[in-house]
Amino acid sequence: MRVRDLPLSRTTIDHFESRGIDELYPPQAAAVEAGVTEGRRLVAAVPTASGKTFVATLAMLTADGPGLYIVPLRALAREKYETFSEVPDVSVGISTGDFDSSAAELGDNDIVVATSEKVDSAIRNGADWISDLACVVVDEVHLVGSEGRGPTLEVTLATLQRRAPGVQIVALSATVANPDELADWLDAGLVQSTWRPVDLRTGVYAGGAVGFDDDTQRQVSVAGDPDDATDATEALVAETVDDGGQALAFVRSRREAETLAERLAGVGSSPEVAEEIRDLDGTETGRRLADCVEGGVAFHHAGLRSAHRIAVERAFRDRRLRAICATPTLAAGVNVPARRVVIRDQKRYTGSGMEWLPTLEVHQMCGRAGRPHLDPYGEAVLVGDPTIRDELWERYVEAEPERVDSKLADPNALRTHVLSIVASDFAASREGVLDVLDATFFAHGTPTDELSGVLDTAIADLVEMEMIVDENGLAATDLGTQVSRQYVTPATGARIVDGLRTAAGMTEVTGLTALEIVCDTPDMQDTYLGNRERADMYRFAQAHADEFTTRMGETDDFEGWLTAVKTARILHEWTEGASAEDLVEQFRIGPGDLESRIERAEWLLGAADAIAGIVDVAADVPFRDRRARL
DNA sequence: TCAATCGAGCTTTAGACAGCATGTC
DNA sequence: CTAAAGCTCGATTGA
């Protein structure tokens, strides 16, 4: 099947043909045969890089009205925004937390790219462009099975169909065990394929040789101990680099990514990129990164500032870097393909020991191997030793990836969504809520009455928190409405209200008070509190005890609170003019961690200020002032 | 006396979405 | 519950 046979305009066809897209890939042809261009719903469970984006584009271009493309990451939103913007005669809008076209503008676009939370928020707040949608594409739908954000995605898809009845839904999924259930849920056809534009070989390294799944073997000359995973990784990376390719090495922790990068540095040389990185900041991490990059290798993890991450990703795509040593950030993020992917660590610390990584996650790392048009093939190598060779083989080479299952029954998730359903007038009774939830992936797999018990506790909790009232039906209070609008979880809203009430009886309410409240909230990420700084943090907490809404000794989670105090302290020093360099040094956090905490605090302080405006207490906590100083 | 080596014990451990109003280039 | 690598600091060993 050829592009020119598709029901597209002449200019659009020219555009695709000019970029070498002429003949459809088999999965794309299958999608067309399944009716994507005729408004049919579809679930496509195909590997990354097999042309999913093109299928999505086809669906949105042929739909009879505007399209929405939902992504899980902001970086992905930007990437898609750019690719769609290149299509002639198509106006594209973007809507994410950090980058937003104005609401009025969104409705005028042919295509809008947005994160799932942003779409959820738009639906909650009754944005009218939602109801005009003719086509919705969901990228990475398998994430409905993820614990934190999965429920948001499934509820969003459920409510979206109420606002825009009859929309065409095109869901793109990684290869999972039960794509048929996803298709069933969405009332969609299913296209499944393992086809890739570049061949991918997966293998297991052990004792000096890699055994691949195409039954080939390859000897690797390791400079050190062939049973040492790091020595082997070094050799595997060096091999492809010497061969003119690029490599990606996945390790377990940030520190290990950095040390490995330092060891590998020297396989290439990228002084210009190093210069570019050095110019970004004077942070210790930035310097180390620049030093590695000087030698052609970068490290990549969430402790990096986003500017650093972007610089590294771009340089690698432009082939100005030979290798990246990364934590799993890179597995699911923007498109950064390499000829060879080396997975040194397959286990991860979970809080109670080491656990094998999910098969799906390892497959996604492997899927980064092979650049279309640039590499003759892609190779993914799992590094092990003779002891675990067979286990790695069974678990990741032969094994089918996991099932996707709803996590909506989680009490926290349900509470959040029950509140939003009631607050946005989707339902005014217990039955009404169940009716909305009926379109959910959870309900599709389980009879709705199994939700009943959890639903009752969720409602009871929300009544207790004064966010809804349960008299002759359900209705949101002003507080509940505000909490839902501000997009904070009910628990966060409750913590803010509690903080305000305590503050009303305090004599010393300061900027630190505002930060403590907001940092002690479940929506704030915690900051690791090391044993060595604990004593110092304790002294700080004591010295400022009068400014805190939590009395030491009255908390049942003192450790957790002390963690919040650390975050508040960092942010406080930031608002008082401390430099990022010093904070990073003093509190041993990554520059990227600082960045993300500041961003979050900004959001939560805004939410707290909005909530303070409707709660009837005498406290005057300077949320707004702190926010301005951030 | 000093330095290199070894080892017990301790520390640390991935990631990342969201509001809103106003101001600036 | 089910861990493992790096680091610190002190003890041992060797010159």
Side-chain angles (χ1 to χ4, degrees), chain A residues 70-77 95-100 102-103 114-125 127 140 143 146-153 156 228-230 250-260 300-304 306 309 326-333 344-358 361 364-365 416 420 481-489 492-493 518 521-526 528-534 588-590 592-593 595-597 599-611 613 623-624 627-628:
Chain A
I70 304 177
V71 289
L73 300 171
R74 302 196 290 214
L76 237 34
S95 182
T96 68
D98 61 337
F99 197 79
D100 212 347
S102 78
T115 52
S116 38
E117 283 74 12
K118 199 68 182 183
V119 176
D120 183 27
S121 172
I123 293 171
R124 288 189 196 188
N125 297 318
E140 319 277 355
L143 289 175
S146 75
E147 225 144 295
R149 303 171 57 200
T152 306
L153 186 53
T156 298
D228 180 273
T230 307
F250 285 104
V251 295
R252 190 176 29 187
S253 70
R254 296 175 178 184
R255 192 170 52 190
E256 285 168 273
E258 297 188 13
T259 27
L260 182 61
H300 187 289
H301 56 65
L304 296 185
S306 52
R309 284 202 254 174
T327 56
T329 0
L330 222 51
R344 196 198 67 181
D345 301 328
Q346 299 89 23
K347 283 186 173 179
R348 180 160 58 214
Y349 176 74
T350 56
S352 54
M354 302 298 283
E355 259 172 27
W356 290 102
L357 294 175
E361 205 172 315
Q364 286 204 303
M365 294 177 183
T416 300
S420 89
T481 307
Q482 199 57 240
V483 164
S484 175
R485 282 188 68 112
Q486 296 296 323
Y487 213 81
V488 294
T489 61
T492 290
V518 146
T521 254
D523 276 315
M524 187 69 191
Q525 69 212 125
D526 0 296
Y528 183 79
L529 181 62
N531 276 332
R532 274 184 234 130
E533 26 175 12
R534 179 164 282 107
R588 295 185 305 165
I589 55 171
D593 298 317
E595 209 173 60
S596 71
R597 271 155 191 87
E599 194 180 286
R600 255 190 223 221
E602 246 176 277
W603 160 48
L604 290 170
L605 287 167
D609 185 50
I611 288 170
F623 294 117
R624 194 178 307 196
R627 202 184 148 281

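Chain letters run A, B, ... following the sequence lines, proteins first, then strands; residues in each count from 1.
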A:V518 side chain reached by A:R627 side chain, heavy atoms, under 4.5 Å: no

P spacing across the pair C:dT2 / B:dC17, given as an integer number of angstrom: 35 Å

Listed partners of A:H300 passing ring-ring contact (aromatic ring centres under 6.0 Å, His included), at least two apart: none

Protein-to-nucleotide contact annotation, 5' to 3' order, nucleotides 12-22 of chain B [B base; S sugar-phosphate only; - none; under 4.0 Å, heavy atom]: SBBSBBBBB--

Pairing residues for A:D523 by the salt bridge (Lys or Arg N to Asp or Glu O under 4.0 Å) criterion, not counting sequence neighbours: none

Base paired to B:dC17 (Watson-Crick or G-U; both N/O distances under 3.5 angstrom): none

Residues that A:D526 engages under side-chain hydrogen bond (donor to acceptor under 3.5 Å, both in side chains), provided they are two or more places apart: none

Watson-Crick or G-U wobble mate for B:dT22, both contacts under 3.5 Å: none

Results of salt bridge (Lys or Arg N to Asp or Glu O under 4.0 Å) for A:R124 - residues two or more places apart only: A:D120

Sequence-distant partners of A:T350, side chain to side chain contact (heavy atoms under 4.5 Å, CB included), two or more places apart: A:S352, A:E355

Non-neighbouring partners of A:A607 that pass side chain to side chain contact (heavy atoms under 4.5 Å, CB included), sequence neighbours left out: A:Q486, A:V488

Per-nucleotide pairing state of DNA chain C [Watson-Crick or G-U, under 3.5 Å; [ ] pseudoknot-crossing; | other strand]: ..|||||||||||||

Test salt bridge (Lys or Arg N to Asp or Glu O under 4.0 Å) applied to A:R348 - qualifying residues, sequence neighbours left out: A:E361

Sugar-phosphate only, base, or nothing, as touched by A:E355 at under 4.0 Å among non-hydrogen atoms: base

Residue list, salt bridge (Lys or Arg N to Asp or Glu O under 4.0 Å) with A:E117, at least two apart or on another chain: A:R149

Inter-residue atom distance A:R597.CZ - A:L604.CG, 0.5 Å rounding: 12.0 Å

Along DNA chain C, first and last positions that approach a heavy atom of chain A under 4.0 Å: C:dT2 to C:dG6

For A:E599, all residues meeting side chain to side chain contact (heavy atoms under 4.5 Å, CB included), sequence neighbours excluded: A:R74

Inter-nucleotide C1' distance (C:dC1, B:dA16), Å rounded: 29 Å

